Amino acid sequence: MADDLPEETLKELKTVFESLDPENTGSIPSSALDEALKAMELNLFPEEVEDFVFDIDKDGDGVIDFNLFTEIYSKVTTPLNEDDVMQAFKFFDKDETGIMPADKLKEILVTLGDKMTEKEADELIRTADMNYDGKIEYINFVGLLASELNNK
């Protein structure tokens, strides 16, 4: 996955990584992951960053090497498929109701990942809000978003 990154992106990643590794140890603290991703103009919720750290820091040593950093970057920037969308929705559905308020969903759509414009988010939510009650059922939303992703 990280092997597929363009050379220019790899150079940017290396520059960011090295800026967080001033002693040139070949690793950065996992606590610096959020800062590193923000430097690459990727804004994740703190819970998402914590999940990445938990998933990648298997030995619990609290450090990330450059290869892991590029893997994380690749995961964050890879287009979503239907399963990814379903998992992301469930991640934010802390009460496990299968429903998310439209305003919360809009906030996510315009601030995270492959950001939508306000207009795009409003249009998608308007289409997904089949009951016109300001609540989006994730089964409907995932199907709608998957068809949108397939049309890009």
Side-chain angles (χ1 to χ4, degrees), residues 1-94 96 98 100 102-125 127-128 136-152:
M1 197 184 308
D3 297 334
D4 299 335
L5 293 172
E7 189 64 33
E8 185 174 314
T9 301
L10 285 171
K11 285 180 184 176
E12 287 179 56
L13 288 169
K14 191 72 169 166
T15 300
V16 167
F17 188 87
E18 288 173 350
S19 74
L20 297 170
D21 181 22
E23 295 177 18
N24 203 23
T25 63
S27 61
I28 61 172
S30 57
S31 60
L33 179 59
D34 186 46
E35 183 180 347
L37 293 173
K38 283 181 180 168
M40 294 301 295
E41 299 182 8
L42 298 171
N43 296 311
L44 303 178
F45 283 105
E47 299 88 355
E48 291 177 296
V49 176
E50 288 173 19
D51 284 347
F52 274 118
V53 171
F54 180 78
D55 287 344
I56 59 160
D57 191 14
K58 297 294 183 195
D59 60 5
D61 65 357
V63 296
I64 299 170
D65 66 15
F66 182 70
N67 289 334
L68 282 176
F69 179 56
T70 59
E71 280 183 45
I72 292 167
Y73 178 84
S74 292
K75 285 181 183 180
V76 172
T77 58
T78 299
L80 300 175
N81 62 34
E82 192 169 336
D83 289 337
D84 294 333
V85 173
M86 182 72 90
Q87 290 302 321
F89 200 108
K90 286 180 178 180
F91 177 82
F92 293 105
D93 181 21
K94 299 294 185 198
E96 298 181 6
M100 184 179 297
D103 58 340
K104 176 68 173 172
L105 181 58
K106 181 177 178 179
E107 176 187 343
I108 293 165
L109 294 173
V110 299
T111 59
L112 296 180
D114 192 12
K115 300 172 191 162
M116 292 184 166
T117 65
E118 297 254 341
K119 183 179 177 186
E120 290 170 329
D122 286 338
E123 187 176 310
L124 185 62
I125 288 170
T127 305
I136 310 300
E137 296 178 32
Y138 67 71
I139 293 295
N140 297 336
F141 179 73
V142 168
L144 180 65
L145 192 55
S147 69
E148 289 284 323
L149 291 171
N150 289 333
N151 291 330
K152 283 191 172 184

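These numbers come from a predicted model, not from an experiment.
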If you compare all heavy atoms of Ser30 against all heavy atoms of Ile64, which two are closest, and at what distance to 0.1 Å?
CA-CD1, 3.6 Å
Keeping Glu35 on the side-chain end and Ala32 on the backbone end, is there a donor-acceptor pair under 3.5 Å?
no
The criterion is salt bridge (charged side-chain N to carboxylate O under 4.0 Å, His left out); which residues satisfy it with Lys38, sequence neighbours excluded?
Asp34
Rounded to the nearest 0.5 Å, how far apart are CD1 of Ile72 and CG of Leu42?
11.5 Å
Closest approach of Pro29 to Leu20 (non-hydrogen atoms, all atoms of both residues):
CD-O, 4.5 Å
Return the orientation label for the Phe69 and Phe17 ring planes: parallel under 30°, perpendicular over 60°, tilted otherwise.
tilted
Distance (rounded to the nearest 0.5 Å) between Leu13 CG and Leu5 CG
6.5 Å
Note, Leu68 side chain near Asp65 side chain (heavy atom, < 4.5 Å)
yes
Interatomic distance, CG@Asn67 vs OG@Ser27, rounded to 0.5 Å, equals 12.0 Å
Using every non-hydrogen atom in the two residues, find where Leu10 and Phe66 come nearest and quote the distance to one decimal.
O-CZ, 4.0 Å
Only pairs at least two apart or in different chains count here, so list each side chain to side chain donor-acceptor pair (under 3.5 Å) that has a residue in residues 12-22.
Asp21-Thr25
To the closest 0.5 Å, what do you measure between CD1 (Ile125) and CE (Met100)?
10.0 Å
Nearest heavy atoms of Thr117 and Val110, plus distance in Å:
O-CG1, 3.8 Å
